[in-house]
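Structure record follows, encoded as structure tokens.
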Amino acid sequence: MTRPIIIDTDPGIDDAVAIFMALASPDLEVLGLTTVYGNAKIEVTTSNALALLEIAGRSDIPVARGASRPIASDYLGPADFVHGEHGLGQRKVADPKTSPIKDDAAEFIYTSALASPGKVTLVPIGPLTNLATALQRHPDLPELIDEVVIMGGNALVPGNATPTAEANINNDPEAADLVFGADWAVTMVGLDVTHDIIMDHACMGRVTGTGTAQAQLLDGALSFYREFVEQVAGIEGIFMHDPATIAYVLNPELFTTVASPVRVETESFSRGKTWPLLRPTDMAPEAWQGRPNINICTEVNAVEVMNLIEELLVG
Ligand code: RIB
Ligand code: CA
């Protein structure tokens, strides 16, 4: 029995790894990709999503274009210093021959959920604007969704976009606070665990050496990403932020989680910080009162997650 998922994405180099993993898994049915601004502008992330599906020979999977900016603030701009000006490294991938569907991302999410009530898992790996928009348009969405597995946030560790905030949440804190406050099952796969999941050079060589079209794409993309990560983080390898969500969907037992309501800071220099309560709810300050628990990933079996990532990418 395959598990139906929708990946909400801003491809994005680690997004590409996550998408190729999901397409390679016999246990997942990718119902569609919904695109959002973030690592690059919406035009670029949408074109890249279409191109990634073409590279994988899966243009049968629909792409629904989503938001070009946050729900209540200006777009901070593309992270081209991380993902390149074309979003997938220095090289621009060939323009896709396919186009997005007519429905926008929020509509595709809702109609897909309506078609299979309680079955669809949403896997947002970019800013949470599309999910927030879908919630605002369709308040009954949460009861139609099985689970939301988010790459984003930082509960007990510093941020990466700013000292306090992780990039996806930092791009749209208002949207994230709405998503974390809705009544659905949310798992936060944040920097608390993704900074432990590192693809080393040897693994990069095996992943990009398979001779497939996906490997050729990743060859240029991963080497570009590696330059940035090794310079900034001082590690030997690249963080598997987005791929960690696919690993969680497939093998949640590789992760340790705690349940706690989460608020997202929207003011001042801590804007974008995810604040878990981490104390009994009857001692909750007002800001956390009445908020549902979020499943926060706090530890991970990084070796086994990397084995899973490589198994799906190399075969
Ligand atoms: O903080 C990492 C996240 O921001 C990843 O989703 C990466 O693709 C960027 O979107
Ligand atoms: Ca991403």
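For ligands, and for the atoms within them, numbers begin at 1 and follow the listed sequence.
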Check: Is the distance from the Ca ion (ligand 2) to some N, O or S atom of Ile125 under 3.0 Å?
Finding: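 Here the distance criterion (N, O or S atom, under 3.0 Å) is met by Ile125, so yes.
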
Can a side-chain donor-acceptor contact be found between [Y] and [X] if the only test is distance below 3.5 angstrom?
{"X": "Asp10", "Y": "Thr45", "answer": "no"}
{"X": "Glu54", "Y": "Thr98", "answer": "yes"}
{"X": "Thr164", "Y": "Glu265", "answer": "no"}

Would you mind listing which atoms of ligand 1 come within a distance below 4.0 Å of any non-hydrogen atom of [X]?
{"X": "Asp15", "value": "8 (O)"}
{"X": "Asp10", "value": "10 (O)"}
{"X": "Glu166", "value": "1 (O), 2 (C), 3 (C), 4 (O)"}
{"X": "Ala167", "value": "1 (O), 4 (O)"}

Note to self: For the backbone of Met188 and the side chain of Asn295, can you confirm whether one donor and one acceptor N or O come within less than 3.5 Å of each other?
What the structure shows: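 Looks like no, no N/O pair under 3.5 Å.
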
Check: Does any N or O in the side chain of Glu166 come within less than 3.5 Å of the main-chain N or O of Gly153, such that one atom is a donor and the other an acceptor?
Finding: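 Looks like yes, one N/O pair under 3.5 Å.
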
Checklist line | Which segment of Asp14 sits under 4.0 Å of ligand 1 when only heavy atoms are counted | finding: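 Near ligand 1, Asp14 shows its side chain, while the N, CA, C and O stay back.
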
Item checked: Per-residue contact class, Val82 against ligand 1 - non-hydrogen pairs under 4.0 Å ->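 Val82 to ligand 1: no contact under 4.0 Å from either part.
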
Check: At the Ca ion (ligand 2), what angle lies between atom OD1 of Asp10 and atom OD1 of Asp15, rounded to 10 degrees?
Finding: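 Answer comes to 90°, rounded to 10°.
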
Notebook entry, point to check: Among Asn160, Asn168, Thr245, Val17, which residue places a heavy atom closest to atom 10 (O) of ligand 1?
Noted result: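 The nearest heavy atom belongs to Asn168.
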
Checklist line | Chi angles and distances behind the salt bridge (Lys or Arg N to Asp or Glu O under 4.0 Å) call for Arg291, Asp177 | finding: CA-CA 10 Å; Arg291 301 272 292 190; Asp177 200 45; 3.0 Å; yes

Check: Any N or O of Asp242 that comes nearer than 3.5 Å to an N or O of ligand 1?
Finding: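 Yes - when backbone and side-chain N and O of Asp242 are compared with those of ligand 1, one distance drops under 3.5 Å.
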
Notebook entry, point to check: Can you check whether Leu313 reaches Val17 side chain to side chain, under 4.5 Å on heavy atoms?
Noted result: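 Yes; the side chains approach each other to less than 4.5 Å.
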
Check: Asp242: which N/O/S atom is nearest the Ca ion (ligand 2)?
Finding: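 The Ca ion (ligand 2) is closest to the Asp242 atom OD2, counting only N, O or S.
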
